[in-house]
Novice: 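Please find one structure pasted underneath; my questions will follow.
Remember, it's a predicted structure, so these values are computed and weren't measured experimentally. Letters go in sequence order (proteins before strands), and every chain restarts at 1.
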Amino acid sequence: AQSVTQLDSHVSVSEGTPVLLRCNYSSSYSPSLFWYVQHPNKGLQLLLKYTSAATLVKGINGFEAEFKKSETSFHLTKPSAHMSDAAEYFCVVSDRGDNFNKFYFGSGTKLNVKP
Amino acid sequence: DGGITQSPKYLFRKEGQNVTLSCEQNLNHDAMYWYRQDPGQGLRLIYYSQIVNDFQKGDIAEGYSVSREKKESFPLTVTSAQKNPTAFYLCASSKRTGIKVYNEQFFGPGTRLTVL
């Protein structure tokens, strides 16, 4: 069965310091992996996606993630946090082995950025 | 401007009433989805549709109904049978790129439903 575990429900960093949001997944087949960001009372916006090309994926707003098959991880990083990065982040796995590309969502990580 | 629109942004319902949430997309996407979001939880799939006039139940379909009469539109009705409907509802769409293979999902801005 497919599942996603976001290891931290809340992460707090100071502005200008690195961000690390952790995600582990389980998948029976070759997965596609995504990170989305959600600001309060808004829809989800795609940050980046992995679909079996390069394992280091660069996204919008300076975020990147590395697919590590041996560790079944897809952690999201950013070298320097900005106040506008404060939001909730969701890791998502989509399994091509499914009958339908259902998305499996993690429970989310709320990022707080301190001035 | 291409995108997904949801209306209304806020909706209040009295107990025992049915309400319908609108979702429209002009991205020419094949598949559409409805999710429910509760605080501290990830998104849970209510219904999805891969083509017009066809839709399937997701993980939490009880108390909800949908229709897909047009490619652009996928309205969700929250019926009185849904015991705890207060939540944030998100609509999404994605483009088919192969047999049962779809790209990433694009999300609308959401509708917040509150039962009074």
Novice: According to a hydrophobic-cluster definition based on side-chain heavy atoms being under 4.5 Å apart (Ile, Leu, Val, Met, Phe, Trp, Tyr only), do A:F90 and B:Y48 belong together?
Specialist: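 Looking at the clustering, B:Y48 is in the same group as A:F90.
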Novice: If two hydrophobic side chains count as joined below 4.5 Å and joins carry through other members, does A:L47 share a cluster with A:V13?
Specialist: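 Yes, same cluster.
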Novice: Measure centre to centre between the rings of A:Y36 and B:F107, then say whether the value is under 6.0 Å.
Specialist: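 Judged by ring-centre distance (under 6.0 Å), A:Y36 and B:F107 do meet the cut-off.
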Novice: Just wondering, are more than 12 heavy atoms of other shown residues or ligands nearer than 6.0 Å to NZ in A:K110?
Specialist: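 Atom NZ in A:K110 is not packed in, count stays at 12 or less.
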Novice: Hydrophobic cluster membership, with links at side-chain heavy-atom distances under 4.5 Å among I/L/V/M/F/W/Y: are A:Y104 and B:Y47 in one?
Specialist: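 In one cluster: no.
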Novice: Of the backbone (N, CA, C, O) and the side chain (C-beta and beyond), which part of A:Q45 lies under 4.5 Å from a heavy atom of chain B, both, or neither?
Specialist: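 When you check distances to chain B, no heavy atom of A:Q45 falls under 4.5 Å.
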Novice: Do B:Q37 and A:F105 make a side-chain contact, defined as non-hydrogen atoms from C-beta onward lying under 4.5 Å apart?
Specialist: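 Of all side-chain heavy-atom pairs linking A:F105 with B:Q37, none is under 4.5 Å.
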Novice: Any chance you could measure A:K42, atom NZ, to B:K9, atom NZ, to the nearest 0.5 Å?
Specialist: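 Separation between the atoms: 5.0 Å.
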Novice: Please say yes or no: joined through hydrophobic side-chain contacts below 4.5 Å, possibly via intermediate residues, are B:I46 and B:F55 part of one cluster?
Specialist: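 Same hydrophobic cluster.
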Novice: Which bit of B:L43 comes within less than 4.5 Å of chain A, counting heavy atoms only: side chain, backbone, both or neither?
Specialist: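 Contact with chain A: backbone and side chain both.
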Novice: Could you tell me the separation between the CD atom of A:Q38 and the CG atom of B:L90, rounded to the nearest 0.5 Å?
Specialist: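 Answer for the CD-CG pair, A:Q38 versus B:L90, is 6.0 Å.
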Novice: Grab the two heavy atoms, one from B:E104 and one from A:F103, that are nearest each other, plus how far apart they are.
Specialist: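 In this case the closest contact between B:E104 and A:F103 is CA-CZ, 4.0 Å.
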Novice: Tell me, out of A:N41, A:V92, A:L46, who's got the most heavy-atom pairs with chain B below 4.5 Å.
Specialist: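 Greatest number of close heavy-atom pairs with chain B: A:N41.
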Novice: Linking I/L/V/M/F/W/Y whenever any side-chain heavy atoms sit under 4.5 Å apart, do B:Y33 and B:I60 land together?
Specialist: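 Each belongs to a different hydrophobic cluster.
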